[in-house]
Amino acid sequence: MKEFVKLVIDGKELTLPVIEGSEGEKAIDIRSLRQETGYITFDPGFGNSGTCRSTITYMDGEKGILRYRGVPIEQLAEQSTFVETAFLLIAGHLPSREELTRTSVYLNDFSPLHENMKAFYQNYPPKAHPMGILSAMVNAMRSFYPELLDIEEDMNKTYLRLISKIRTMSAMAYRISLGEKVVYPRPDLCYCANFLNMMFDGVVVPYRIDDDMVRALNVFWILHADHEQNCSTTAVRVVGSGKVNIYSAISAGISALWGPLHGGANQAVVNMLEEIHKDGMTVKECISKAKDPNDPFRLYGFGHRVYKTHDPRAKIMKKMCDILLAKTKRKDPLLDIVQKLEETALNDSYFKEKNLYPNVDFYSGIVLRAMGIPTNMFTVMFAIGRLPGWIAQWKEDVADPEMRISRPRQVYTGNQLQEYIPVDDRG
Ligand code: CMC
């Protein structure tokens, strides 16, 4: 039976329909509100606003559930690969063996970069942040690869071109920032092994591909592949709603991801741990700073808009961290600090009362360090992982008959009407 809610405004009763999702989530459909009453809703940060119906990712923040197209994140992390998960997110179903093979062939075919695009890199200042370079390069793809294919196709070549080239562009940005020779993609390697090889294969010392590292990278990217309507995905949808091309929409997502409250948190966590390690700050000071309402500092890697319990991705990331450090027989001094911070925060009444738990970024920096990834590439690693989610969400958005250009309202609190005063009369 269809459900409704009644809203009384200025004595006028409005009946609003309720939309129910497949997992029982409910939303009041307020689309007629302004037209019927002149009122709008006020919800900074959209914490209570649904902006679309979506079939891609399901999260339950109270129970710590995350599923892509219905499949639990734990099963994907255990058994899938990043490429297969990307296919699942974008096409909506797990690929057949034949679809998977075809996808791999295209990913290989598209992996080299247009020679003229490389000139871009050479002209960036040496310490330029790779996220800035990456978002510019992805936007530039519209000019270098102008053909945009039919979005009706489940997994079209434009999506595969993006997924393939973001890996080449990211590894290349890193090599050039070190002043090292670019390593080209190898058709005999899978997606993750190819990336590690492009990053680390030295001219003198060849990179030895390690299956455990390749597996760890697959898991890392699977965990980041989508997270429903987060900040960067919302940026992709909002920018895309103006009917801009997919490259520009994804480039906006990369820029949005860069901030320390979102994808940049993985770099911020390691910077924070290093500061504690250098004795610049103690764990206790770090926790007090994070709790001080007058200090903008936050305990990076903690808290989440949706999760009010453990982030399921953080649990998997923590496990992977132990596996990788045991494997590399490396003792990372930051690991002890991260564990001490976690224990202190989880027993602190401030964090308990506000339901602040470790999120995916709390342990991801340690995992990336164990793989040899430098700190300034951490957010780029997140971006590569999130790309399939952005594509899936963009694709869903442009095909959705209910979607309109994103254009929120505001409550104006500025000056009321005042007369213009010519400059000579202003005193
Ligand atoms: N350290 C200290 N206090 C915090 C933290 C934190 N990490 N996170 C939230 N709070 C406090 C916040 O000050 C606020 O207190 P009060 O109610 O007294 O004003 C309360 O908890 C609620 O926080 P909020 O900022 O209103 O919550 P939000 O949903 O707007 O923000 C968040 C979510 C993730 C931006 C925030 O928890 C945060 O800044 N965390 C640190 C950055 C971080 O780790 N980001 C990565 C998120 S996971 C990766 C991703 O998907 O982007």
Side-chain angles (χ1 to χ4, degrees), residues 43-49 56-62 64-66 68 73 131 220-236 253-273 275-276 281 283-318 338 341-342 344-368 375 378-390 393:
D43 186 21
F46 312 125
N48 301 281
S49 297
I56 302 168
T57 289
Y58 173 66
M59 289 171 74
D60 182 328
E62 273 69 38
I65 293 174
L66 175 62
Y68 299 158
I73 191 67
M131 281 297 276
F220 180 88
W221 278 337
I222 289 169
L223 296 183
H224 286 86
D226 194 49
H227 217 216
E228 50 120 306
Q229 307 313 316
N230 55 83
C231 172
S232 56
T233 300
T234 301
V236 169
I254 296 172
S255 299
L257 187 74
W258 195 354
L261 296 192
H262 189 17
N266 53 17
Q267 184 171 346
V269 170
V270 166
N271 292 343
M272 174 180 81
L273 298 175
E275 209 185 311
I276 296 172
M281 192 168 36
V283 165
K284 217 170 136 204
E285 276 165 356
C286 176
I287 297 283
S288 333
K289 255 172 92 61
K291 286 165 30 174
D292 182 351
N294 301 314
D295 192 326
F297 178 83
R298 292 202 156 192
L299 181 57
Y300 291 104
F302 251 74
H304 199 273
R305 170 65 60 80
V306 181
Y307 294 123
K308 299 302 165 204
T309 180
H310 277 94
D311 175 341
R313 304 167 303 168
K315 282 196 204 162
I316 302 169
M317 198 67 87
K318 187 174 181 182
V338 99
L341 264 179
E342 181 180 4
T344 313
L346 288 178
N347 287 305
D348 189 288
S349 57
Y350 172 95
F351 291 88
K352 278 198 220 170
E353 278 158 23
K354 293 183 189 295
N355 290 320
L356 301 173
Y357 288 87
N359 60 50
V360 70
D361 287 321
F362 201 57
Y363 279 94
S364 70
I366 309 282
V367 165
L368 291 172
T375 316
F378 284 7
T379 314
V380 169
M381 298 299 287
F382 192 150
I384 302 173
R386 184 54 53 89
L387 179 60
W390 289 331
Q393 302 266 354

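Order of appearance sets the numbers: ligands from 1, and atoms from 1 within every ligand.
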Quick check on the 6.0 Å ring-centre criterion: do Y307 and H227 meet it? yes

Heavy-atom closest pair (N359 atom, G303 atom, distance to 0.1 Å) is ND2-O, 2.9 Å

Chain-and-number sorted residues having a heavy-atom contact under 4.0 Å with ligand 1 are P260, L261, H262, A265, A290, R298, L299, Y300, G301, F302, G303, H304, R305, Y350, K354, L356, N359, D361

Just wondering, do L341 and I276 contact through their side chains at under 4.5 Å, heavy atoms? yes

If every non-hydrogen atom of D361 is compared with every non-hydrogen atom of A265, which pair is closest and at what distance? OD2-CB, 3.4 Å

Min side-chain heavy-atom separation C286-L299 under 4.5 Å: yes

Pairs where residues 291-306 contributes a residue and the test salt bridge (charged side-chain N to carboxylate O under 4.0 Å, His left out) is met, not counting sequence neighbours: K289-D295, K291-D348

